[in-house]
Q: 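Shown below is the structure under consideration.
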Amino acid sequence: MSTQSHLQAVREQLPPSMRRVADAILEDPHRILQGTITDLATACATSEPTVVRLCQRLGLAGYADLRLTLAGELASEQVRRLHLGSTHGADLPADSTLSQIVADIALTEALGIEETAATLDITELHRAVEALADASMVLLHGISASASAAGDLERKLQRIGRNARCLRDTHDALAAAALMGPGQVALGFSHSGSTREVAAVLSQARTAGARTIALTNSVEGPVVAQADIVLRTSVRESTYRSGAMASRSAQLLVVDCLFVAIAQRSRDDTVDALRTTYDALADYRRA
């Protein structure tokens, strides 16, 4: 995970003084290359030890390590966006052409997918596949854009004969979660990791005896706290590209990984189910 993506993932859990430093870095990472730790601390109305603690929170030795890491990240990204500005996540200029917009969005989507694939915990992914493959019922819940990814996994699982339900209304999801039990799985989608409704559904399912899985971009928060298994994406937001946009492609990457791995466990049954459901729609494809 890049330092900038890591900052966004932990931002909500940081104390106010550290969050100001994180926001300053995310807003203009080049300031780290051009200024001192004193400059950054002063600009964020905090102390140098606070900046160092933030660096350590990111797994870095200190400010010098932060500068070195960011220099490498920014140089790599600049090579890939020569005509679009120097900062990943920077706002598009007002006079951007349509081709520039396409190129910028494509690069941002690709970076999110690449970082998620590179940092996805394979051990946790394996645990999630095992749980979902063996589950007698899977309850899926997400709010807003995350509901779309949840719905995508629901359709995929249903096409191969799995009992999966995506309930977008939180009250319906809470009621369903309360009736769950051992051998069943609740999977919550939350880019921020702080969606109260998703955390409540996972908590209810866990209390009822079901296993819980979270798909999130956050390393902490109420959704993570209620999950037995955590699958993390790694994407960055920008002013024009909010979490609703940033999360989508990365979440769908993980959804596809889950689906293919589950399907692989019972390949013959999966192929038969896909063929059966494909044939059921044959007349409508010819219309």
Side-chain angles (χ1 to χ4, degrees), residues 1-26 50 53-60 89 112 115-116 119-121 123-125 127-128 131-132 139-150 153 166-168 170-171 173-174 177 180 185-208 210-238 241-255 258:
M1 181 185 295
S2 71
T3 298
Q4 295 167 84
S5 295
H6 197 176
L7 273 173
Q8 285 207 339
V10 302
R11 180 188 177 279
E12 293 300 320
Q13 287 74 50
L14 296 174
S17 57
M18 282 192 192
R19 190 180 303 174
R20 290 197 299 273
V21 179
D23 288 343
I25 296 171
L26 289 169
T50 296
R53 285 195 295 272
L54 176 61
C55 294
Q56 294 170 341
R57 179 74 176 266
L58 298 174
L60 303 171
E115 286 196 37
T116 296
T119 59
L120 188 60
D121 188 324
T123 299
E124 287 290 271
L125 181 64
R127 292 180 63 211
L132 292 167
L139 176 65
L140 306 159
H141 186 56
I143 300 295
S144 190
S146 289
S148 299
L153 182 56
C166 175
L167 298 177
R168 301 192 178 210
T170 299
H171 289 187
L174 283 169
M180 297 182 77
V185 173
L187 199 168
F189 292 69
S190 172
H191 175 68
S192 68
S194 59
T195 311
R196 293 171 52 199
E197 296 90 340
V198 175
V201 170
L202 292 184
S203 176
Q204 186 69 69
R206 176 185 267 180
T207 299
R211 295 191 74 182
T212 56
I213 303 173
L215 178 51
T216 178
N217 202 67
S218 178
V219 298
E220 300 176 21
V223 174
V224 173
Q226 296 300 329
D228 300 314
I229 301 169
V230 180
L231 301 174
R232 291 191 176 90
T233 57
S234 179
V235 295
R236 278 176 262 164
E237 302 175 21
S238 68
R241 190 172 183 271
S242 67
M245 291 178 65
S247 65
R248 183 180 54 222
S249 296
Q251 285 183 347
L252 290 176
L253 167 69
V254 179
V255 162
L258 289 171

Q: Just checking, is any N or O donor in the side chain of Thr170 or His141 under 3.5 Å from an acceptor N or O on the other one?
A: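 Yes - a donor-acceptor pair under 3.5 Å links their side chains.
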Q: Sequence neighbours left out, what pairs pass side-chain hydrogen bond (donor to acceptor under 3.5 Å, both in side chains) with at least one residue falling in residues 192-202?
A: Ser190-Thr195, Ser192-Ser194
Q: Do you know the tightest heavy-atom contact between Thr216 and His191?
A: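 Smallest interatomic distance, heavy atoms only, reads OG1-O, 3.5 Å.
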Q: Taking the side chain as every heavy atom from C-beta outward, state whether Leu60 and Gln56 have any pair of such atoms under 4.5 Å apart.
A: no
Q: Are Leu258 and Leu125 side-chain neighbours, meaning at least one heavy-atom pair lies under 4.5 Å?
A: yes
Q: Less than 4.0 Å between a side-chain N and a carboxylate O, is that true for Arg232 and Glu220?
A: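 Salt bridge between Glu220 and Arg232, a charged N being under 4.0 Å from a carboxylate O: no.
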Q: Within this structure, what is the CD1-CD distance for the pair Ile25 and Gln8, rounded to the nearest 0.5 Å?
A: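 Those atoms lie 12.0 Å apart.
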Q: Which value, rounded to the nearest 0.5 Å, describes the distance between Leu215 atom CG and Thr233 atom OG1?
A: 6.0 Å
Q: Determine yes or no for a side-chain-to-main-chain donor-acceptor pair under 3.5 angstrom, with Ser5 supplying the side chain and Ser234 the backbone.
A: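 No; judged by distance alone, with no hydrogens or angles, the pair does not exist.
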Q: Less than 4.5 Å apart, side chain to side chain, heavy atoms only: is that true for Arg57 and Gln13?
A: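 A side-chain contact exists here, since the closest heavy-atom pair is under 4.5 Å.
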Q: Measure across Ala227 and Ala214 and return the closest heavy-atom pair with its distance rounded to 0.1 Å.
A: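 Looks like CB-CB, 3.6 Å.
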Q: Within the structure provided, determine whether Val235 and Glu115 are in side-chain contact (heavy-atom separation under 4.5 Å).
A: no
Q: Please report the shortest heavy-atom distance between Ala186 and Met180, naming the atom on each side.
A: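 Closest approach of Ala186 to Met180, heavy atoms only: N-CE, 3.8 Å.
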Q: Restricting to salt bridge (charged side-chain N to carboxylate O under 4.0 Å, His left out), what partner residues turn up for Arg127, sequence neighbours left out?
A: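 Testing Arg127 for salt bridge (charged side-chain N to carboxylate O under 4.0 Å, His left out), a comparison that skips the adjacent residues, returns Glu124.
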Q: Going by heavy atoms in the side chains, are Leu7 and Leu54 under 4.5 Å from each other?
A: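 Leu7 reaches Leu54 side chain to side chain.
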Q: Do Asp228 side-chain atoms and Arg211 backbone N/O form a donor-acceptor pair below 3.5 Å?
A: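 A pair under 3.5 Å: no.
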Q: Side-chain contact, heavy-atom cut-off 4.5 Å: Val185 with Leu139?
A: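 Val185 does not reach Leu139 side chain to side chain.
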Q: Find the distance between CD (Gln251) and OG (Ser146) and round it off to the nearest 0.5 Å.
A: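 Answer rounded to 0.5 Å: 4.0 Å.
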Q: Are any non-hydrogen side-chain atoms of Ile229 and Thr212 less than 4.5 angstrom apart?
A: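 They are not in contact (no side-chain heavy atoms under 4.5 Å apart), so the answer is no.
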Q: Testing the 3.5 Å rule here: is there a donor-acceptor pair between the side chains of Arg206 and Ser203?
A: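 Judged by distance alone, the side chains do not pair up.
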Q: How about Leu153 and Phe189: do any of their side-chain heavy atoms sit closer than 4.5 Å?
A: yes
Q: Looking only at heavy atoms, what is the nearest atom pair of Gly193 and Ser218, with distance?
A: CA-CB, 3.9 Å
Q: How far does OG1 of Thr116 sit from CG of Asn217, to the nearest 0.5 angstrom?
A: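 With rounding to 0.5 Å, OG1 (Thr116) is 7.0 Å from CG (Asn217).
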Q: Which value, rounded to the nearest 0.5 Å, describes the distance between Leu14 atom CG and Thr50 atom OG1?
A: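 Between Leu14 CG and Thr50 OG1, I get 11.0 Å after rounding to 0.5 Å.
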Q: Please report the closest heavy-atom contact between Gly188 and Leu202, naming both atoms and the distance.
A: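 It is N-CD2, 3.7 Å.
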Q: Would you name the heavy atoms of Gly142 and Ala150 that are closest together and state the gap between them?
A: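 Minimum heavy-atom separation between Gly142 and Ala150: N-CB, 4.4 Å.
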